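This report refers to the structure that appears directly beneath it.
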2 protein chains.
Amino acid sequence: MASVSDIVEEAGIGRGTFYLYFDSKREIFLELIEAFFRGYAELLEENHRRLEEAFRRRSRVLRTWRENMLRVLEYHQENPYLTNIAYREALGKDEDFSARVGELSSLAREKLVDEFRMMYDRGMMRECDVELVTSVVMGSTVYVVMEHLLPENEVDVESLADMIVEYHIRALIPEVGDVKRALHSAIETG
Amino acid sequence: MASVSDIVEEAGIGRGTFYLYFDSKREIFLELIEAFFRGYAELLEENHRRLEEAFRRRSRVLRTWRENMLRVLEYHQENPYLTNIAYREALGKDEDFSARVGELSSLAREKLVDEFRMMYDRGMMRECDVELVTSVVMGSTVYVVMEHLLPENEVDVESLADMIVEYHIRALIPEVGDVKRALHSAIETG
DNA sequence: ACTATTGTAATGACATGTCAGTACCAAAAA
DNA sequence: TTTTTGGTACTGACATGTCATTACAATAGT
């Protein structure tokens, strides 16, 4: 991790100046990460509300899922450094931080599990282990973000969202389901 | 990270003894990780060979894929501590280590991409972005390992492998493909 | 006796955090 | 106008702490 010396050097300020604005290095670190996590948690809540609304109206469920995925990707794309820190750099570093990561990932998991259950109850999903599916979706999303979204700056988020959602829809649609129709309702512009 | 004091205490040896056997803490760390990585790389190579062989014989391709997935899961299950260190604890820590992780993950990616292309060439896979699919498979696998395999010790690896492979087969099978037959050939015992 | 091991104490590199002092500006006093 | 004063932002040498690493005398094992 960057030392305070690194930070002040990079910022072109004196060592003391740093401590005028932050009580400790830990503080600035947790503050940055916390902001990122709070934003992400809010996004997840909002996505969840939108999807619930779609379920209530019984329309545009898959489309909403795709839009939610898009927003998740965009959020990470807009915060590349923090994303990198949160998912890679700081994982085994700080007790509090790890706890916070755990909280957020539990939150995300709960939301997703709930969403998949709603899909299942409406016959939009085949029978399967929801917890496992949730892990698959979360894990693949994080990995795609790290491998495709952060390194290249010229990546098309829209089509990335399309491809990811298509993958999961195909994997989850019931035996009797109409793949073409589902994909169309989720992805194709109309 | 564990201090040298922690290590010698845990191992029940003296501080001096530690330095009789290792030049430095870094050395033992890299040695352990390297062993884990080498083992994993070998596993990947072997899996790749098996799958190539299956392609050559034009039989049991999906079954072999499932077996490969199983071996990957088992390898991580057998090395829970190293898995945890490799994927979580030590990610932003050491320059050399990060480079090694990068190498290994590139190796895994190359193999997988190659395997998917073979599947595609034989009409076993729909047209899609192979790089992205590879990320999805790799990411979801790591995540499932961390969330389902490591925490609980009473998890059934076999059915985990089944469910993961079923997920990907459903996601990747061509429009005209026979899902039931594919799943049967991959998973059902016979 | 000889060797391998131990554990305490010392060392040094490097990290964070502190604080007396500098630079500067603007307003008050002369 | 010039000088003094006060306040704010900033600085970097220094204090302090942590931890890997080394040195070495004492001890256990053969």
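It should be emphasised that the depicted structure is a prediction, and the values quoted were computed from it without experimental measurement.
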(Q) Within this structure, what is the CE-CG distance for the pair B:M118 and B:D114, rounded to the nearest 0.5 Å? (A) 5.0 Å

Q: Report the distance from atom CE of A:M138 to atom CG of A:L112, rounding to the nearest 0.5 Å.
A: 6.5 Å

Q: Taking atom CZ of B:R57 as the centre, report whether more than 12 heavy atoms of other residues, nucleotides or ligands fall under 6.0 Å from it.
A: no

Q: Find the distance between CZ (B:R170) and CD (A:E175) and round it off to the nearest 0.5 Å.
A: 4.5 Å

Q. Is the closest side-chain donor-acceptor distance between A:S5 and A:R15 under 3.5 Å?
A. yes

Q.
Any donor-acceptor pair under 3.5 Å linking the side-chain atoms of B:R88 with those of B:T83?
A. no

Q. Between the side chains of A:R50 and A:N47, does any donor sit under 3.5 Å from an acceptor?
A. no

Q. Quantified as the angle between the terminal helix axes (five pairs each), what is the overall bend of the helix from C:dA1-D:dT30 to C:dA30-D:dT1 to 10 degrees?
A. 20°

(Q) When you compare the side chains of A:H148 and A:Y143, does any donor N or O come within less than 3.5 Å of an acceptor on the partner? (A) no

Q) When you check every protein heavy atom under 4.0 Å of nucleotides 2-11 of chain C, what one-letter string (B, S, -) results, 5' to 3'? A) ---SBBBB--

Q: On DNA chain D, reading 5' to 3', which nucleotide is the first and which the last to sit with an atom under 4.0 Å from a heavy atom of chain A, could you check?
A: D:dC10 to D:dA13

(Q) Students often mix this up, so state it plainly: with edges at 30° and 60°, are the rings of A:Y75 and A:Y40 parallel, tilted or perpendicular? (A) parallel

(Q) Under a 3.5 Å distance rule, please check whether B:R126 uses its side chain to pair with a backbone N or O of B:P174 as donor and acceptor. (A) no

